Amino acid sequence: MLNPATAKAVIDHALFLGADFAELFVEHHQSGSVELNSGEIDKVNSGIDFGIGVRLFFGHKVLYGYTNSTDEEELKRVTSLLAAKDKRDQIATAGALNLSRYNSIHSCQLPLNQNANLEEKIAFLREADLAARAEDEKISQFIGRIAQREQQVEIFNSNGLHIGDTRHYTRVAATAIAQNGSEQSIGYEAPGALTGWEFNTRLNPRELGHDVAKQAMVKLFAENCPSGEMPVIIGNGFGGVIFHEACGHLLETTSVAKKASVFHDKMGEMIANTVVNAVDDGTMANEWGSINIDDEGMETQRTQLIKDGKLTSFMVDHMGSLKTGYSRTGSGRRESYKYAPTSRMRNTFIEPGDSSLDEMISSVERGIYAKKMGGGSVQPGTGEFNFAVQEAYLVENGQITKPLKSATLISTGPKVLKEISMVGKDFELAAGMCGSVSGSVPTTVGQPALKVDNILVGGGN
């Protein structure tokens with residue numbers, strides 16, 4: 001996408017201006033989506049974007065700019081503007097650019113083609129819509145969306161790196177709305193993968209429509225959740241969003257380097273119950289949060305964050321490594337060429353344990369089973385959170401008794417890690433998008449079901 005001779009000339013120019021390190025991130029991005037609303041195809045969108053990000057290091061200072069041009073003089077102009085206030089007499093030397101190669105583990109048979117598979121995608125959405133509406137006459141609305149995109153990246157830097165990657169993403173989102181008079185409830189699922197449209201062979205549109213409609217109906221006639229401190233069993237899959245938001249971000253050097261994380265000085269210490277093992281893994285084939293290389297050009301890896309309750313690693317990008325001294329983990333990520341990369345999560349999850357869901361339920365005298373988690377808010381630095389439960393049930397005397405609505409879980413990430421006493425076998429992953437200072441990136445959350453012995457539950461009562 002960018003002539004290597006041009007890249008080398010721009011990098012040499014950056015070092016001549018005194019930069020300690022220079023990097024070019026080249027991106028060509030195309031996307032396509034189709035959306036069904038009220039039984040009709042509502043939107044068919046497509047787009048193409050291209051740009052080049054220029055990043056310079058002056059010590060621990062990061063300067064970043066971008067342009068849509070591949071012209072050498074324009075790239076040098078952007079570089080000069082960035083370096084204008086930091087020009088130094090001492091000049092670093094750039095290495096020769098050497099193209100790096102690797103074996104991609106992420107297959108793609110049906111990449112994005114704006115003129116292909118559209119009718120098949122429309123048929124998929126219509127079938128899901130019919131299944132959702134057939135669940136109950138109180139399903140008043142179904143919204144379905146299929147989005148596919150292709151991101152080509154090329155990275156050059158002053159260490160001599162020249163590497164590229166092509167990433168194929170496909171995601172299907174389904175929302176069902178149930179209504180009974182003035183009461184309304186919503187069911188939602190959005191599976192995704194790092195692959196092409198062949199992802200649809202892993203999905204059943206009728207099951208997807210049925211699942212979101214059932215979620216909506218369960219909540220429509222549910223009772224208000226009781227409030228107070230009690231044991232909570234958090235379901236598998238998207239239940240991992242609490243670890244991601246309330247703990248995962250605290251293990252990124254984005255916050256650790258600034259000592260804005262409560263874990264910044266806890267390496268090697270016990271920060272969780274011994275049953276907790278947590279991982280951030282970019283190597284899982286075709287998973288939504290996986291990557292071959294990160295957005296700094298480093299091959300991805302599996303990073304054990306917590307082992308038997310002990311903090312064993314942070315997620316470390318290039319600048320994070322310079323600031324903290326920890327080795328890079330292939331975690332430098334960004335939304336696009338418009339953002340400088342920072343340490344970010346990939347596929348982040350709590351590993352399976354040896355308890356069953358039935359054993360957890362039977363161990364609770366009175367508490368909540370949070371089968372499906374929703375969104376929430378987290379306080380950066382402390383991990384204080386408030387998360388809504390999308391689908392909840394009351395547990396009494398070791399039995400699930402009735403569905404609940406308006407349930408929220410309130411605590412801190414560090415506290416919850418120590419309150420986990422049982423970890424299940426029913427491991428599952430779920431796709432999501434994570435926002436931070438380097439934009440929004442595909443990430444996967446996950447866990448088996450787990451029991452938190454004591455957590456504050458907010459409810460409608």
Side-chain angles (χ1 to χ4, degrees), residues 7-27 51-67 74-98 100 153-163 249-261 263-267 293-299 303 313-344 380-381 436-439 441:
K8 180 69 165 60
V10 175
I11 288 170
D12 286 343
H13 180 66
L15 299 186
F16 174 77
L17 295 174
D20 300 312
F21 173 83
E23 172 197 81
L24 299 178
F25 179 84
V26 189
E27 178 190 18
I52 301 174
V54 180
R55 183 168 63 144
L56 308 180
F57 289 179
F58 287 85
H60 288 170
K61 184 177 182 180
V62 178
L63 301 172
Y64 195 79
Y66 61 87
T67 177
E74 169 61 13
L75 287 164
K76 286 182 176 179
R77 186 187 71 84
V78 172
T79 303
S80 296
L81 288 172
L82 292 173
K85 294 182 180 180
D86 292 271
K87 186 170 181 178
R88 296 178 180 175
D89 294 330
Q90 187 175 355
I91 300 173
T93 303
L97 292 175
N98 296 302
S100 299
V153 302
E154 193 172 25
I155 302 164
F156 303 85
N157 71 32
S158 54
N159 293 333
L161 178 72
H162 175 199
I163 197 167
H249 283 297
L250 301 181
L251 301 179
E252 297 168 337
T253 48
T254 307
S255 58
V256 171
K258 297 181 292 186
K259 298 183 179 180
S261 164
F263 296 129
H264 79 272
D265 58 352
K266 305 298 183 186
M267 183 60 67
I293 58 172
D294 72 0
D295 292 327
E296 298 179 315
M298 181 178 176
E299 288 194 50
T303 306
S313 182
F314 295 123
M315 290 165 279
V316 189
D317 63 320
H318 189 167
M319 180 50 72
S321 178
L322 294 178
K323 289 181 176 180
T324 66
Y326 292 109
S327 298
R328 293 167 62 187
T329 57
S331 304
R333 304 187 68 192
R334 60 182 114 194
E335 179 180 327
S336 71
Y337 66 89
K338 297 178 182 178
Y339 295 84
T342 55
S343 58
R344 303 291 299 274
S436 187
V437 292
S438 61
V441 298

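What you are looking at is a predicted structure, and each value in this text was computed from that prediction instead of being measured.
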Sidechain-backbone polar pair: Ser261 side chain, Leu250 backbone, donor-acceptor under 3.5 Å: yes

Minimum side-chain heavy-atom gap Leu17-Ser80 below 4.5 Å: yes

Heavy-atom pair with the smallest gap, counting every atom of Leu97 and Leu161: CD2-O, 3.5 Å

side-chain contact (heavy atoms from CB on, under 4.5 Å) partner of Leu24, the single match among Ile155, Val10, Thr79: Val10

Least distance between heavy atoms, Ala14 atom then Leu56 atom: CB-CD2, 3.6 Å

Minimum-distance pair of heavy atoms, taken over all atoms of Phe58 and Ala83: CZ-CB, 3.8 Å

Passing option when Thr342 is tested against Thr254, Asp295, Val62, Thr253 for side-chain contact (heavy atoms from CB on, under 4.5 Å): Thr254

Atom pair CG/NE2 of Asn98 and His162 - distance to nearest 0.5 Å: 10.5 Å

Side chain to side chain, Glu27 and Tyr66, heavy atoms closer than 4.5 Å: no

Heavy-atom pair of closest approach, residues Asp86 and Lys61: OD2-NZ, 3.3 Å

Side chain to side chain contact (heavy atoms under 4.5 Å, CB included) partners of Val26, counting only residues at least two apart: Met1, Leu2, Phe50, Ile52, Glu154, Phe156

Student check: side-chain heavy atoms of Met319 and Leu322 closer than 4.5 Å: yes

Donor-acceptor contact present, side-chain Asn157 to main-chain Glu23, <3.5 Å: no

Side-chain (Ser158) to main-chain (Ile11) donor-acceptor, under 3.5 angstrom: no

pair Asp317-Pro341: side-chain heavy atoms closer than 4.5 Å: no

Pairwise side-chain contact, Arg344 with Met315, heavy-atom cut-off 4.5 Å (strictly under): no

Pairs meeting criterion salt bridge (Lys or Arg N to Asp or Glu O under 4.0 Å) with involvement of residues 323-332, two or more places apart: Glu296-Arg328

Residue pair Val78 / Thr67: nearest heavy atoms and the distance that separates them: CG2-CB, 4.2 Å

Spacing of CD belonging to Glu74 relative to NZ belonging to Lys76, to within rounding of 0.5 Å: 12.5 Å

Validation row: Arg55, Phe25 side chains within 4.5 angstrom (heavy atoms): no

Gap between atom NE2 of His249 and atom OG of Ser343 - 0.5 Å precision: 10.0 Å

Side-chain (Ser321) to main-chain (Tyr326) donor-acceptor, under 3.5 angstrom: yes

Contacts of Tyr339 that satisfy side chain to side chain donor-acceptor pair (under 3.5 Å) - sequence neighbours left out: none

Heavy-atom donor-acceptor pair, Ser438 side chain to Arg333 backbone, under 3.5 Å: yes

